Asks: 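What follows is a structure written as structure tokens; I'll ask about it next.
No hydrogens, no waters, no symmetry mates; every other heavy atom, side chains included, goes into these values. All chains are named by letter (A, B, ...) in the order of the sequence lines, taking the proteins before the strands, and each is independently numbered beginning at 1. Note that the coordinates shown come from a computational prediction; the quantities given were computed from them, not determined experimentally.
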2 protein chains.
Amino acid sequence: MNINAISKEFNLSKDTLRYWERIGLLPKIKRNSSGYREYSETDKNWVFYIQVLRNAGMTIESLIEFVDLYRSDNNTNETRKSLLIEQRDLLEQEIKERQKTINYLSYKINNYDSHTLKYENEKLAYENNKEEK
Amino acid sequence: MNINAISKEFNLSKDTLRYWERIGLLPKIKRNSSGYREYSETDKNWVFYIQVLRNAGMTIESLIEFVDLYRSDNNTNETRKSLLIEQRDLLEQEIKERQKTINYLSYKINNYDSHTLKYENEKLAYENNKEEK
DNA sequence: TCTTGCTATGGAGTTAACTCCATAGTTTAA
DNA sequence: TTAAACTATGGAGTTAACTCCATAGCAAGA
């Protein structure tokens, strides 16, 4: 598949694809006789993986760290698997933070009429994350 | 409370506090006789609220939109409450996206040994979000 | 064959969200 | 009362993650 096809398949600009390759997020893509990129199935999988994780808010920096480790040779399948698990744990941590914020907003909503806004209460509501009414 | 106290309380740089005020994220803070900022309890609540939502990944742009509406005069308590609910819904949508990514990673982890990486499978795993083994 | 359209590269430009700087007034501890 | 520390303002600088541009080689249809 050429860059145009990939760009359309993933709804990513060609510039972004070239940029990701340039900074080492994507592996060096093979070129055909006239120097044009030819994306393999594996390349496609990487594009997909990176897009999903980017959309989930992972920074390019941590993704580069991940792919470098993942692609490194002195590295067993067990290690690769544990890298995926680490990646997932990171996201789970993030979700917990957001859930905390949602609970805090729920507290504010539920108590909207019944209490005066005091900073100490707000702070406690956020930190304890009780859904007291 | 002066800017130094707020800065320490929320672990935010003074520059950030001044910046938030300048762009209208925080209301205009009252000044004392020599022009120094004096943060009221209400101001403090705004700092807290904005920090929590920023940490949850909300952009400054949408926060400004929110605070402008929220502070607007022609605006009932009911409207304010529904703005909070909207805010919460936005975050919940975000969490769902991330949960999808976590499920996708789980799929990859669970099937790490047992399947060859095919793009169509990956894509389906992400979109359907089944945890098939 | 000619023109229009796609691709490549290196480098410059952009946007969000700060962060830093220069200059100047204010407060405080010695 | 003077030096060190803090505050204010306007504006410049920074970082991440693209996005755009100029130039030049290839390609495909009329």
Side-chain angles (χ1 to χ4, degrees), chain A residues 1-40 43-44 46-68 90 94 97-98 101, chain B residues 1-40 43-44 46-68 90 94 97-98 101:
Chain A
M1 271 174 112
N2 63 15
I3 196 169
N4 189 42
I6 296 283
S7 165
K8 279 184 179 138
E9 168 87 32
F10 293 98
N11 197 27
L12 286 168
S13 87
K14 295 171 201 172
D15 271 314
T16 299
L17 287 165
R18 284 188 278 247
Y19 167 69
W20 283 359
E21 182 181 345
R22 173 159 53 184
I23 62 175
L25 197 48
L26 287 174
K28 299 266 167 245
I29 308 295
K30 288 263 161 54
R31 311 312 171 91
N32 68 15
S33 53
S34 41
Y36 290 13
R37 288 170 177 80
E38 259 308 315
Y39 290 80
S40 70
D43 296 333
K44 225 165 118 176
W46 275 113
V47 173
F48 182 68
Y49 186 79
I50 289 161
Q51 183 178 39
V52 167
L53 276 282
R54 285 288 299 128
N55 287 344
M58 184 144 295
T59 66
I60 291 228
E61 201 183 359
S62 15
L63 268 172
I64 288 184
E65 203 188 346
F66 170 80
V67 301
D68 280 354
L90 264 167
E94 273 251 325
E97 261 310 298
R98 267 149 220 253
T101 303
Chain B
M1 269 177 115
N2 64 14
I3 196 168
N4 189 43
I6 297 283
S7 164
K8 281 186 179 136
E9 168 87 33
F10 293 98
N11 197 26
L12 286 167
S13 88
K14 295 172 199 168
D15 272 313
T16 299
L17 287 165
R18 285 188 279 246
Y19 167 71
W20 284 358
E21 182 181 347
R22 172 159 57 184
I23 62 174
L25 198 48
L26 287 174
K28 300 264 167 247
I29 309 295
K30 291 260 162 54
R31 311 310 172 92
N32 67 17
S33 54
S34 42
Y36 289 14
R37 289 170 176 79
E38 258 307 315
Y39 290 81
S40 70
D43 297 332
K44 222 165 123 176
W46 275 114
V47 173
F48 182 68
Y49 186 80
I50 289 161
Q51 183 177 40
V52 167
L53 275 283
R54 286 286 302 126
N55 287 345
M58 184 143 295
T59 66
I60 291 228
E61 201 184 0
S62 15
L63 268 172
I64 287 184
E65 204 188 344
F66 170 81
V67 301
D68 281 354
L90 264 167
E94 273 250 326
E97 263 309 299
R98 268 148 219 251
T101 303

Asks: For Trp20(A) and for Arg31(B), locate the closest nucleotide of DNA chain D by heavy-atom distance; then report the residue assigned to the nucleotide nearer the 5' terminus.
Replies: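 First, find each residue's nearest nucleotide; the 5'-ward one identifies Arg31(B).
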
Asks: Are Phe66(B) and Tyr49(B), when compared by the centres of their aromatic rings, separated by less than 6.0 Å?
Replies: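 So the answer is yes for these two rings.
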
Asks: Can you find a pair of side-chain heavy atoms, one from Trp20(B) and one from Leu12(B), that are under 4.5 Å apart?
Replies: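 When only atoms from C-beta onward are counted, Leu12(B) and Trp20(B) do touch, with a gap below 4.5 Å.
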
Asks: Which nucleotide sits closest to the side chain of Tyr36(B): dA17(C), dA8(C), dT7(D)?
Replies: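 Nearest to the side chain of Tyr36(B) among the choices is dT7(D).
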
Asks: What is the distance from CG of Asn4(A) to P of dA27(D), rounded to the nearest Å?
Replies: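 Going from CG in Asn4(A) over to P in dA27(D) covers 15 Å.
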
Asks: Nearest-Å distance, CG (Leu25(A)) to C1' (dA17(D))?
Replies: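 Rounded to the whole Å, the gap is 11 Å.
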
Asks: Expressed in angstrom and rounded to an integer, what is the separation of Leu63(A) atom CG from dA16(D) atom C1'?
Replies: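 Checked: the CG to C1' distance equals 13 Å.
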
Asks: Go through Glu97(B) and Arg98(A) one step at a time and tell me if the salt bridge (charged side-chain N to carboxylate O under 4.0 Å, His left out) criterion holds.
Replies: CA-CA 12 Å; Glu97(B) 263 309 299; Arg98(A) 267 149 220 253; over 6 Å; no

Asks: Between dT19(D) atom C1' and Leu17(A) atom CG, what is the distance in whole Å?
Replies: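 After rounding, the gap between these two atoms is 13 Å.
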
Asks: Within this structure, what is the OH-to-C1' distance between Tyr19(B) and dC18(C), rounded to whole angstrom?
Replies: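 It works out to 6 Å between those atoms.
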
Asks: Pick base, sugar-phosphate or nothing for Arg22(A), based on heavy-atom distances below 4.0 Å to the nucleic acid.
Replies: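 The residue Arg22(A) makes base contact.
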
Asks: Can you tell me if Arg18(A) touches the phosphate of dG10(C), counting only side-chain N or O atoms and a distance under 4.0 Å to OP1 or OP2?
Replies: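 The answer is no; no side-chain N or O of Arg18(A) sits under 4.0 Å from OP1 or OP2.
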
Asks: Give the rounded distance in Å between these two atoms: CG of Leu26(B) and C1' of dA8(D).
Replies: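 Computing the Leu26(B):CG to dA8(D):C1' distance gives 16 Å.
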
Asks: It should be established whether Thr16(A) places a side-chain nitrogen or oxygen under 4.0 Å from OP1 or OP2 of nucleotide dT19(D).
Replies: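 For Thr16(A), the contact criterion (side-chain N or O under 4.0 Å from OP1 or OP2 of dT19(D)) is met.
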
Asks: Phosphate oxygens OP1/OP2 of dT27(C): is one of them under 4.0 Å from a side-chain N or O of Ser34(B)?
Replies: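 For dT27(C), OP1 or OP2 has a side-chain N or O of Ser34(B) closer than 4.0 Å.
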
Asks: Using heavy-atom distances to pick each residue's nearest nucleotide on DNA chain C, tell me which of Ile60(B) and Ser33(B) is more 5'.
Replies: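 The residue mapped nearer the 5' terminus is Ile60(B).
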
Asks: Heavy-atom distance under 4.5 Å between the side chains of Thr101(A) and Asn55(B), does that happen here?
Replies: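 No, every pair of side-chain atoms sits at 4.5 Å or beyond.
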
Asks: Measure from CD on Glu21(A) to C1' on dC18(D) and round the result to the nearest Å.
Replies: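 Answer to the nearest Å: 16 Å.
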
Asks: Looking at every strand, decide which applies to Ile23(B) at a 4.0 Å heavy-atom threshold: base, sugar-phosphate, or nothing.
Replies: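 It contacts nothing in the nucleic acid.
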
Asks: Whole angstroms only, please: what is the CG-P distance between Asn32(B) and dG25(C)?
Replies: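 Distance, rounded to whole Å: 17 Å.
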
Asks: Between the side chains of Ser40(A) and Asp43(A), does any donor sit under 3.5 Å from an acceptor?
Replies: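 Distance-only check passes for Ser40(A) and Asp43(A).
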
Asks: Between the base of dC20(D) and the side chain of Asp15(A), is there a donor and acceptor pair under 3.5 angstrom?
Replies: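 Present.
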
